[in-house]
Amino acid sequence: MTLLNDRTVGLPAGLLEDLRAAVGEQHLLLDPDLLPSYEQDWTGRFSGRAGCVVRPADTAQVAAVVRACAAAGVPLVTQGGNTGLVGGGVPAGGEVVLSLRRLTALSEVDRAAGQVSAGAGVTLADLQRHVRAAGAEFGVDFAARDSATVGGMAATNAGGIRVLRYGSMRAQVLGAEAVLADGSVVTRMGGLTKDGTGYDLVQLLIGSEGTLGIVTALRLKVVPLLRSSCVALLAMGSTQAAVDLLPVLRERLPHLAAAELFHEPGVQLVRRHSGLPAPFEGDVPAYLLLECLDRTDPSEDLLELVAQADGLLDARVATDAASARALWAYREAHTEAINAEGVPVKLDVSVPAAALPGLVEQLPTVVAAVAPAARTVLFGHVNEGNLHVNVLDAVEAHDAVTEAVLQAVAQRAGSISSEHGVGRAKPAWLHLSRSTTELAAMRAVKGALDPQGLLNPGVIFA
Ligand code: 2HG
Ligand code: ZN
């Protein structure tokens with residue numbers, strides 16, 4: 001039976017038949033009741049109608065879908081776990097949504113090479129469980145681990161809480177399989193750590209947000225599994241004091257695995273929605289969460305640092321796994337607590353570390369100038385100068401808030417997107433971080449690899 005609805009009537013005749021042949025009746029979704037979860041991001045900030053959704057099972061089926069869409073001239077939007085925060089995996093209207101969540105193959109961990117192969121649809125949590133069972137660890141971690149997929153993480157060059165130790169997603173990727181815009185397949189899954197044979201196509205795809213090709217599998221580095229952890233939550237006298245501590249942390253804590261910064265407005269929201277008790281008595285100017293990971297107990301070094309840290313007002317050190325999780329909750333629950341309050345203007349920026357305290361101080365004023373009733377919540381990954389700027393009660397001033405914040409970032413030689421990508425949210429501001437020459441080169445690459453503009457149109461470039 002062919003189910004036609006007002007979405008699919010826009011698709012050229014024959015395309016639905018080709019898509020059905022490519023993925024099978026069951027995995028071509030046309031029923032309007034089944035589509036909404038693919039048509040909206042979970043924050044409720046981006047939505048658009050899908051022409052249909054296809055759920056291929058492997059690279060060959062992805063290639064068949066892309067060939068069919070290319071022949072029909074119909075654009076595609078690739079989607080993983082749909083945890084993206086810039087609208088890069090949500091249709092704008094009428095595209096074929098290509099969900100890669102069924103590509104869940106995992107290879108055995110190659111102990112000799114320290115590598116594993118994963119299908120694009122493997123969630124971060126499943127990858128972590130898989131490699132841990134083999135006595136290894138994966139070098140990227142963040143709060144959306146249960147839903148985010150490795151394909152989406154590669155597409156956005158995801159960062160998270162372990163970047164200071166292991167680098168972002170790009171640093172974990174040693175190979176990939178990808179379907180190009182004409183349906184041809186590039187397979188470089190050999191995992192060579194040294195390979196000087198010309199352009200690095202795999203790395204070109206990382207961070208390209210599905211605009212240059214569709215990554216269907218990845219060859220990933222694994223890192224040692226370190227079971228001894230020590231977590232401390234520091235109440236700092238100021239953001240400046242937290243930033244001033246960075247060189248000391250790097251010098252004194254060789255096992256440092258996370259350094260997260262947040263502030264009182266975020267903690268208040270987290271407490272309101274989680275019921276967590278106040279971590280310290282009274283308001284705290286800046287919170288710094290530190291985690292050390294090692295083979296043997298790293299707590300001595302961390303305790304020593306805590307005892308001597310300049311600008312420290314108070315500290316809590318977790319002595320067991322449950323109390324470590326409790327301290328992490330103050331940081332990890334930020335995103336959900338913010339969303340429980342309403343739809344935020346959400347920006348992800350980075351500046352040189354030395355410029356971070358000035359930006360933290362200036363942003364609430366900059367926002368208030370264009371949205372007087374707004375509540376600004378700032379948190380992020382302090383070592384990378386990466387700040388998550390969430391502004392509540394300001395949706396009607398979305399573009400003005402975005403403009404004001406991103407200009408303040410650009411004035412400090414920062415990036416308008418640190419780890420979430422450009423997506424559909426920020427193409428209009430890309431020029432603040434990229435020169436005209438760079439943008440022209442990027443467009444040339446896009447034009448060469450996707451001349452019909454079929455892959456994620458409207459993402460990165462307006
Ligand atoms: C995090 O660090 C994520 O928790 C999400 O990058 C940030 O919700 C956000 O703004
Ligand atoms: Zn983050």
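Ligands are counted one by one from 1 in listed order, and the atoms in each one are counted from 1 as well. Just so it is clear, the model here is predicted, and its values are computed rather than measured.
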Within the 6.0 Å centroid threshold, strictly below: His388 and His334 | no

Would you mind listing which atoms of ligand 1 come within a distance below 4.0 Å of any non-hydrogen atom of His388?
-> 1 (C), 2 (O), 3 (C), 6 (O), 7 (C), 10 (O)

So is His420 in contact with ligand 1, going by heavy-atom distances below 4.0 Å?
-> yes

For Glu419, the ligand 1 atoms with a heavy-atom partner under 4.0 Å come out as 2 (O), 6 (O)

If you measure from CG on Asn390 to OG1 on Thr335, what distance do you get to the nearest 0.5 Å?
-> 6.5 Å

Geometry at the Zn ion (ligand 2) - His381 NE2 versus Glu419 OE2 angle, rounded to 10 degrees | 90°

Is the count of non-hydrogen atoms from other residues, nucleotides or ligands lying under 6.0 Å from Arg165 atom CZ greater than 12?
-> yes

Check: Arg424 side chain, Pro457 main-chain N or O, donor-acceptor pair, under 3.5 Å | yes

Got a sec: does the CZ of Arg250 have more than 12 other heavy atoms crowding it under 6.0 Å?
-> yes

How close does the nearest protein non-hydrogen atom get to atom 5 (C) of ligand 1, and which residue and atom is it?
-> Thr335 OG1, 3.5 Å

Contact region, Phe379 to ligand 1, non-hydrogen atoms below 4.0 Å, reads side chain

Ile338 and ligand 1 - part of the residue with a heavy-atom distance under 4.0 Å | neither

Centres of the His263 and Tyr287 rings: under 6.0 Å?
-> no

Which one of Lys346, Arg331, His334 has a non-hydrogen atom at the shortest distance from atom 9 (C) of ligand 1?
-> Lys346

Subset of ligand 1 atoms that lie under 4.0 Å from at least one heavy atom of His381 | 2 (O)

In terms of heavy-atom contacts, does CD of Glu438 have more than 12 from other residues, nucleotides or ligands at under 6.0 Å?
-> yes

